[in-house]
Structure formats: C-alpha cells, structure tokens
Amino acid sequence: MRPASPSRAVVWLALTALLVALGLFGVEIVLGRARLMDKAVADIRSSADQLAEHAARMMGAHTLILRNAEWLVLNEGWDEVAATPRVHEWLRDLASEAPEVQSYWLVDAEGRVRITTMRWPVPDMNVADRDYFLPHRDGRSEPHLSARLSGRLNPEVFFALSSRLEGRDGNFLGVAQVSLRPAYFEAFYASIAFRPDVEVMLVREDGEVLARHPSVTSGEVGIGNVADLVGKRDPATGLMTAISPFDGKERLYAVADVDRVPARVVYGISTAGLESDWLWTALGHFSFALVAALLLLPLALVALRQTRQAEQAQGLLRSSNAALEARVRERTAHLDMALEDLRRSEERLSRLFNATPVAIMEVGADGRYTDCNAAAERILGLSRSAIIGVRHDAALWHATTLDGRPMASVDYPTARALAGEVVRDCEYALRDPKTGARQVLSVNAVPIRDEGARIIGCTATVLDVTGRYEAEDRQRLLMREVDHRAKNALAVAQAVVRLSRADSIEAFTSAVEGRISSLARSHSLLAQAAWSGADLEKLVEDEVQAFLTDRARLALRGPRVRLGADMVQSLGLVFHELATNAAKHGALSMPGGTVTVDWSVRRSTLDLHWEEKGGPPVTAPPTRQGFGSTLLGQVLRHQLGGKIDMDWSETGLRCHISLPLGPQP
C-alpha cells in the first residue's frame, strides 16, 4: 500500500481542522445567543427592580408626609390647620427640596381645599370631582395614584399620590395628596437608559401610563393604557415579549411592582436590538473562524501569515476588550447616578424624620429605644444620645394612667406593640425628667416583623396633647363659673321681683323689666370678658344710655378701673337705680339736663361722684324711701362694703360713693 503523501495528509488535516472550526463556530453562535438573552433578562429584571425600589422609596417618603398631615388635622382640626400659614410653609419647604413634587394639597370631607403649597391664602376651590378625591370618599383607605391631570391653578401636568384622612372613629375627614411631576420620572428614566431602544413606563394598577421614556408628547394629559400589555407577563418570572403600543416595536419586558403603592415599573429592551447585538457578535466569531481557516493554506504561507493573523486576532481582541470596558464604565456610571438619587431620597427622608412635629421612635425587641427624631427629644426631655439604649418603660419618666395610677410595664403602648398588637391613640401621662412638668401623650405603635413574620421591634409615633387637656380643664372651670353666675343672677332677679313695689301692674312691670335688663347688661359684660370682671366706664355708660337718646348729655371722667366679677351685677343695679331716678325725677327728665360721673382710685378705694344738672328744681329730699333707695343702701353697705351719701341740692342730686376695690391689674 502506497503511503499517503504529506500534501494529502496536510489537506485532510486542514479539512478536518476547518470542519472542527466550523462546528465550534456553530456551537459558539448558539451558546452566545443564549448567553446574550440571559444577560438581557438579568439586565431588565435588575433595572425594573431598581426603578421600582426608587419609586417605592420616593413615594413612601411622601406617604409619610401625608400621614403627618393627617395627625395635624386629627389633633388640631381643619379650622386650626387652615387658620395660619404654618402647615402651608412646612409643606412648601418640603416641596421646594423635592424636584419630583409640584405641590401638596389638604382637602376636607366636602372637597374644599384647605391647604395648598401653590398659594396662600388658600383660594376658594372645590376638588370633590377629582380622581384623587372620589376613591377615598367612597371608602378607599390605601394610598391611591390618580391618572395624569392638568392643574387648575397651574396648567402643568401631574399625577396625584393621595391618602384618606380619618377620624379616630374611622369617619372620613378628607384627603391629603402630593402632586408629582411625570416630567421628573421621564427625565430620570432617560438618564439611566443605557441604550436607545429602551422603553421605561411608570404604570398605575389599572394599566394607565403615568410617565414614559421616550416621552410621547410633552404636556399631554392622557398618554395611553397598557393593561393588555402588562397582562401578558409570566406570573412566575414577570417577563413577557410584546409589541409596544406607542412605537410598534417588539420588546422583551420585565414588570416590577412598587412596594406599598398601587403602581408598577415596566422596563423593556427591543428584541430587534438584541438580535442585532447577537448578529454582530456572530459576525465577530465568523471573522475569527475565517482567520483560523486561512491558517490552513499551503504550508509555505503558514509561517508568514501566522504572525500577521495573530496580530490581527490580538487587535480584534484588544478592540473587543476596549468596547467591553467602555460599556462596563457606562453601566457603572448609570448605576452610580441611580445610587446617588437613592442617597438624596434617603437624605430627604431623614430631614423629614427630624423636621416633623410628631415624635417618631423605634424600639428593639429587647424593649430599648434604638432611634428617635428631634420631636421625641423635646417631648421626652432628653437628648437623642441619652434616649437610645434606655428601656421604653424606664422609671425616670414616672409614667401614669390619666387617672394617676402608675403604668404597668405590659400596659405601655410600645410593650403592647412588641406583643403583636396594633395600638391606636393610647393616652397616658409622664413627667419631664428635668423640669418635672406633667405631659399627656397620645401614642400609636405598630410591630415591625422580619421576613419570617417574627417581631423584631416596633415603631411608635407620639403627639403631645397636654394643651388639649389643659383647654378642657379651663373649659370645665369656665362652665362652673358660668353656672355660678347664672344661679347668682337668678337669685338677684328673684330678689328684685320679690322686693319691687309699685302703684300699678304697669309700673311694677316696668320697674322689674328695667332691673332685669340691668342684670342682663351686666351679665353680657361679664360674658364678654370670660367672667373675669368688667370696665367701670363701660358699666356706667351702658346703664345710663338705656335712658338717653343723646350721648352728649352724659359726661364720664376718670382712670380705667377694672371691677371684680362679684361686684359687676350689684354695682350695675346701683347705677341703674340712679339713672332710673334721673330719668323719672331728675336731670334726664328734662331736655337740657346732664349727668356727670367723676371717679378716682386711692389706696384701692373707689371714690365716685354722681352729679345731675338741668333737671327740675329740688325743693326738698324725698319723703318716701322706695325699693331703689333701699337697694342702694343695702347693696353698697352690706354687700359691697362701701358707703353712699345723697345730697339733694336745689340744682339736682349729688351722690358720693366710696367703695373698696381689690388690687388692679
């Protein structure tokens, strides 16, 4: 048998090597496509999850702001919240630090706007027809995302994240909402899109698109609904391949739900782009295989061409490495931008945590404080460093129930939350460790659970409601004072009716009505001053003007004198009897008659002079002492501890009253 020629062996060897190379090329193409698709799936899943986490953190921070607003409304009431710009300025400052926020709105149960960061004072506006109001009015308690809307005060397009405001009995108080800018999300998505065929959408739970990159039409309110597209996703993987309703391109999509908010993030990469990437990769492999095949040319050219082909292969490898490194740097830069945005969101949340007027505290599973905000330092009377590590039921605060009994350890709201209970509006009292001042606190506490539902701590929000209890105490004291004054007035009225005398029923009725009216006027003065007393000049003027049509006929001169509450009604009757006598028999019974009242205060004693002029000539003092004269003597001498001197001169009555006063304010 003739041995095979070396050339034939070389030819067969070259053919064999070529077939092996082609086989390896085919296998690499198939495996390369699988690797490319796996990497694409990992990229879109990771991107969708990161964007969903970004949205959850951002909207979670704003949900907490809306809950703080609910606390303010619940504890202060709509009228108190809307009466001053304090809440408006607080929310406006928060909105100015968040580029995604257009404005905050607080709306009462009838849909009236009570607070908006866009304008102060608040314009007369009703939003009961808005998408963010209706679901909460109908009973929705979870956070709600509205469709894209156009503002009524500002035409900028927004969508609203809203929260239902409830009273302690669950009744509907209104809605708190934050208007978010779709343009912010679209700009953020554009900044992290690492290739031109990427499509990113923020979608409501009903499929309504709130923001999209690439942007469809700038400033347009409604941009579309992708419920059918989202409905095609695989329940197990969250992936789908579908045609975009916006540009008609087929894409590989990943859908990620936003935590605690009824929204999803849809992230897609064009399948045509992936196929193009794969073809370019296959072309590179084909070029490499072609180079390998050229190595099998006649042995005479192998040595010469081997070096050149090796240099070409190394150049291709360096170019591929450079391109790969450039893509890695670009991807790293986008991830750094996303992490920086998350860091800023966390900083805003930290500022909110420390700026809110509601105390927020965390307690570990061992019952010791692990964190708190500035409001907690103010309420507990210690610094943050002194609070952290202290047990929630420590004796230094001397906690008691509202009726004064010491609080048992298991009755603390934080202890109940660590036992698994959700605590609402638990109120108890404590003492400031430094000043000893008593405070009444209203506490909400909820347990914190890990992934296995095991309780690892609790979060508590605390509001100082001491002012409310002090106001209730003042109100009860005032009611007792009103009751005392009313009974005293009825007793005086009974005495007036019983002791009044007259020659006829008409005269008796007129006398009693005049004296009851005097009591009513004194009662009104006391009520206007919260039963603390009345001004002497006002008391005299009210009693005399009941008989005057011309104020110029009454002259009042003297310093400001504040009468005690126990003196007002009795002294009012005295001036009424003097004015009644002047109107019937004295200066006020004549057209030109005048009454002059002068007074001064010396050593806590009131000296008052009543002088009438221009009345009928007085020929002699009255011979009969009626009820008025009796009243003047009894009230001034026996009830008020003063004295009165009556001088019936020919020009008219002159009356001098001396009356002890308490200390003047």
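Along the sequence shown, residues carry numbers from 1. Atoms considered below: every heavy atom in the structure, side chains included; atoms not considered: hydrogens, waters and symmetry mates.
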Problem set entry | Lys/Arg-Asp/Glu bridge criterion (N-O < 4.0 Å) met for R384, E362 | no
Q: Determine, stepwise, if the pair H88 / Y104 fulfils ring-ring contact (aromatic ring centres under 6.0 Å, His included).
A: CA-CA 9 Å; H88 161 81; Y104 287 94; over 10 Å; no
Closer than 4.0 angstrom, basic N to acidic O: yes or no for D197 and R251? no
- Any sub-3.5 Å donor-acceptor pair from S103's side-chain atoms to M118's backbone N or O? no
Under 3.5 Å, is there a donor-acceptor pair between the side chain of E70 and the main chain of E166?
-> yes
Notebook entry, point to check: Would you say the side chains of D393 and S409 form a donor-acceptor pair under 3.5 Å?
Noted result: yes
- prompt: Are R148 and F158 in a cation-pi contact, defined as NZ or CZ under 6.0 Å from the six-membered ring centre and within 45° of the axis?
  reply: no
Residue set satisfying side chain to side chain donor-acceptor pair (under 3.5 Å) with R92, at least two apart, ordered chain then number -> none
Here the gap from Q50 atom CD to I192 atom CD1, rounded to the nearest 0.5 Å, amounts to 7.5 Å
* Using distance alone, with no hydrogens and no angle criterion, decide if T271 and E250 have a side-chain donor and acceptor under 3.5 Å apart. => yes
Please confirm whether the backbone N or O of H136 pairs with a side-chain atom of R164, one donor and one acceptor, at under 3.5 Å?
yes
Exercise. Side chains of E100 and H62: is there a donor and an acceptor less than 3.5 Å apart?
Worked result: yes
Looking at S146 and Y132, would you say the former's side chain and the latter's main chain have a donor-acceptor pair under 3.5 Å? no
Given the rule in the ring-ring contact (aromatic ring centres under 6.0 Å, His included) test, do F159 and Y184 qualify, once you have shown the distances and angles that lead to the verdict?
-> CA-CA 12 Å; F159 62 91; Y184 166 82; over 10 Å; no
With a 3.5 Å distance limit and no angle check, can you tell me whether R152 reaches the backbone of M125 through a side-chain donor-acceptor pair? no
Please set out all donor-acceptor pairs under 3.5 angstrom arising from side-chain atoms of residues 252-262, sequence neighbours excluded.
| from | atom 1 | to | atom 2 | distance (Å) |
| --- | --- | --- | --- | --- |
| Y253 | OH | E199 | OE1 | 2.5 |
| D257 | OD1 | R264 | NE | 3.1 |

Open item on the list: Using only atom types and a distance under 3.5 Å, with no angle test, would you say the side chain of R212 pairs donor to acceptor with the backbone of E186?
Closed with: no
Discussion item. Closer than 4.0 angstrom, basic N to acidic O: yes or no for D464 and R468?
Written reply: no
Classify the side-chain pair N154/R119 by whether it contains a donor and acceptor separated by less than 3.5 Å.
no
